[in-house]
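Only one structure is covered here, and it is reproduced in the block below.
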Amino acid sequence: MDWQRDLATWPLNAQSRRIHHPPHQWHLQEMGNGPLALLLHGAGASTHSWRDLMPLLAQSHRVIALDLPGQGFSRAGNRRRLGLPGMAGDIAALCQSEGWHPDLILGHSAGGAIALELATRLRTPTDQPPDIACVNAALGPFEGVAGWLFPVLAKVLALNPLTPTLFTLGTDKLTRARRLIESTGSRLTPEGLMLYARLIGDRAHVDGTLQMMAQWDVAPLLSRLGAIPNRCLLITGTGDLAVPPETSARAAAQMPRARTLSLDGLGHVAQEEDAARILAAILDPGNWPD
């Protein structure tokens with residue numbers, strides 16, 4: 001996405017700014033005051049995924065939402081650091097450089113895995129680790145044929161310099177965006193679909209997403225779930241067709257301070273379908289483990 005061309009019509013653009021912290025050029029949006037909440041979107045999305053939730057959360061928190069490296073308006077300075085440990089390490093370094101000490105880290109899908117990995121890397125000035133909230137967290141390996149086919153396919157696509165161009169060809173990107181979102185069990189407004197259509201049509205964004213997919217390996221994180229001391233709330237939508245709700249249940253069972261919460265009628269991008277409902281679930285103390 002081009003900063004000069006596209007940002008002026010992007011959601012919450014008045015809250016946008018850039019930070020250069022090696023190896024990446026980061027785009028973030030910030031609003032509100034109070035305890036710090038850090039928001040991490042899923043693969044193929046951007047800060048726009050929090051456009052409805054951010055203003056609501058900003059009534060009680062200082063909220064910072066990042067574009068992951070290579071996606072949205074963030075530029076990746078090192079394409080080899082777009083996997084789970086690389087991105088989490090670079091976000092941790094950015095937080096340390098900026099003096100950010102999150103009280104809450106909220107991640108969607110792959111952003112949920114990044115949130116948990118990030119929690120193990122953050123240096124906090126106190127002994128109180130941040131709370132982690134995940135929406136339909138991608139915390140399971142691919143199963144069956146997809147277990148070997150998808151990683152191989154993603155690597156082949158990412159290594160081909162023509163692939164991002166081929167993905168962005170065609171004029172009916174809105175239809176492609178609708179099919180993509182609906183395949184995850186979600187239904188979005190025309191505005192929401194148009195934002196994804198714009199991302200699908202951006203070569204740099206598609207390239208960054210493919211690089212992330214090609215390098216993605218959640219297995220080391222899954223092996224360390226039992227050592228994560230943070231309070232964790234894993235929210236799932238019963239209609240999620242991308243990440244089965246059982247994935248969060250299995251992960252929570254391995255963690256010392258985790259609880260799951262199932263919300264009826266919501267799909268994979270639940271925070272865009274009903275931001276108020278997701279936020280109410282997060283802010284309710286009774287939903288969190290002791």
Side-chain angles (χ1 to χ4, degrees), residues 29-32 34-43 45 47 49-66 68 84 87-88 91-92 95 100-122 124 128-140 186 218 221 225 228-238 240 242-243 245 247-264 266-290:
Q29 295 183 332
E30 181 176 357
M31 63 173 62
L36 177 58
L38 181 64
L39 277 51
L40 305 173
H41 65 78
T47 57
S49 191
W50 309 109
R51 64 190 179 281
D52 295 325
L53 189 146
M54 274 191 75
L56 299 176
L57 183 55
Q59 296 176 21
S60 57
H61 287 69
R62 176 190 177 194
V63 187
I64 295 175
L66 294 176
L68 296 179
L84 178 55
M87 285 193 292
I91 293 172
C95 288
W100 298 340
H101 303 291
D103 297 275
L104 170 68
I105 306 175
L106 171 58
H108 169 245
S109 190
I114 297 172
L116 290 168
E117 181 73 27
L118 175 62
T120 69
R121 298 167 179 263
L122 285 177
T124 59
Q128 184 65 34
D131 289 337
I132 308 295
C134 301
V135 179
N136 294 319
L139 295 176
S186 288
V218 75
L221 171 63
L225 289 179
I228 295 177
N230 308 63
R231 292 199 313 163
C232 299
L233 177 62
L234 306 182
I235 300 172
T236 62
T238 59
D240 188 354
V243 179
T247 298
S248 289
R250 287 196 299 266
Q254 301 177 55
M255 303 168 70
R257 303 181 69 196
R259 182 177 293 175
T260 59
L261 177 66
S262 178
L263 298 180
D264 290 335
L266 296 180
H268 187 62
V269 286
Q271 75 281 4
E272 296 188 53
E273 294 180 277
D274 196 338
R277 191 175 174 194
I278 294 295
L279 184 59
I282 294 171
L283 295 183
D284 185 346
N287 290 332
W288 290 81
D290 296 329

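Remember, it's a predicted structure, so these values are computed and weren't measured experimentally.
Rounding to the nearest 0.5 Å gives a distance of 7.5 Å between CE of M54 and OG1 of T47. Taking CD1 of I91 as the reference point, atom CG of L122 lies at 9.5 Å (rounded to 0.5 Å). From Q29, atom CD reaches atom CG of L66 across 10.0 Å, with rounding to the nearest 0.5 Å. Rounded to the nearest 0.5 Å, atoms CG (L53) and CD (E272) are 10.5 Å apart. Going from atom CG of L57 over to atom CG of L279 covers 5.5 Å, rounded to the nearest 0.5 Å. Atoms CD and CG, on E30 and L38 in that order, are 10.5 Å from each other to the nearest 0.5 Å.
Judged purely by atom type and a 3.5 angstrom limit, N136 has no side-chain atom pairing as donor or acceptor with the backbone of V243. A donor-acceptor pair under 3.5 Å is formed between the side chain of S186 and the backbone N or O of H268. Under a 3.5 Å cut-off, the side chain of E273 and the backbone N or O of G267 do form a donor-acceptor pair.
For the pair G42 and S109, the tightest heavy-atom approach, listed with the atom from each and the gap, is CA-CB, 4.3 Å. Shortest non-hydrogen contact noted between M87 and L68 is SD-CB, 4.2 Å. In terms of heavy-atom proximity, A113 sits nearest to A138 at CB-O, 3.8 Å. When all heavy atoms of H61 and A37 are compared, the pair lying nearest together is CD2-CB, 4.2 Å. Contact detail for C232 and L116: the closest heavy-atom pair is SG-CD2, 3.8 Å. D52 and A275 get closest at one heavy-atom pair: CB-CB, 3.6 Å.
Under the 4.5 Å side-chain criterion, counting only non-hydrogen atoms from C-beta, D274 is not in contact with L263. Between H101 and L36, the closest side-chain pair of non-hydrogen atoms is not below 4.5 Å. When side chains are defined from C-beta on, L266 does not count as touching V135, because their heavy atoms never get closer than 4.5 Å. Looking only at side-chain heavy atoms (C-beta outward), P130 and N230 come within less than 4.5 Å of each other. Using a 4.5 Å heavy-atom threshold, the side chains of L139 and L221 count as touching. The shortest distance between side-chain heavy atoms of R231 and R259 does not fall below 4.5 Å. Side chains of L233 and D131 form no contact here, defined as non-hydrogen atoms less than 4.5 Å apart. Contact annotation: the side chain of I132 approaches that of C134 to within less than 4.5 Å [non-hydrogen atoms, C-beta and beyond].
Under the 30°/60° scheme for interplanar angles, the aromatic rings of H108 and W50 are found to stand perpendicular.
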Margin query: Pair L84, I114 - check side chain to side chain contact (heavy atoms under 4.5 Å, CB included), show working.
Written below: CA-CA 6 Å; L84 178 55; I114 297 172; 3.7 Å; yes

Check: Could you walk me through whether T260 and T236 pass the side chain to side chain contact (heavy atoms under 4.5 Å, CB included) check?
Finding: CA-CA 7 Å; T260 59; T236 62; 5.7 Å; no

Below 3.5 Å, can you tabulate the donor-acceptor pairs from side chains in residues 281-290 to any protein atom, sequence neighbours excluded?
unit_1: D284; atom_1: OD1; unit_2: G286; atom_2: N; d: 2.9
unit_1: N287; atom_1: ND2; unit_2: A281; atom_2: O; d: 2.8
unit_1: W288; atom_1: NE1; unit_2: I282; atom_2: O; d: 2.7

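R277 meets the salt bridge (Lys or Arg N to Asp or Glu O under 4.0 Å) test with no other residue; sequence neighbours excluded.
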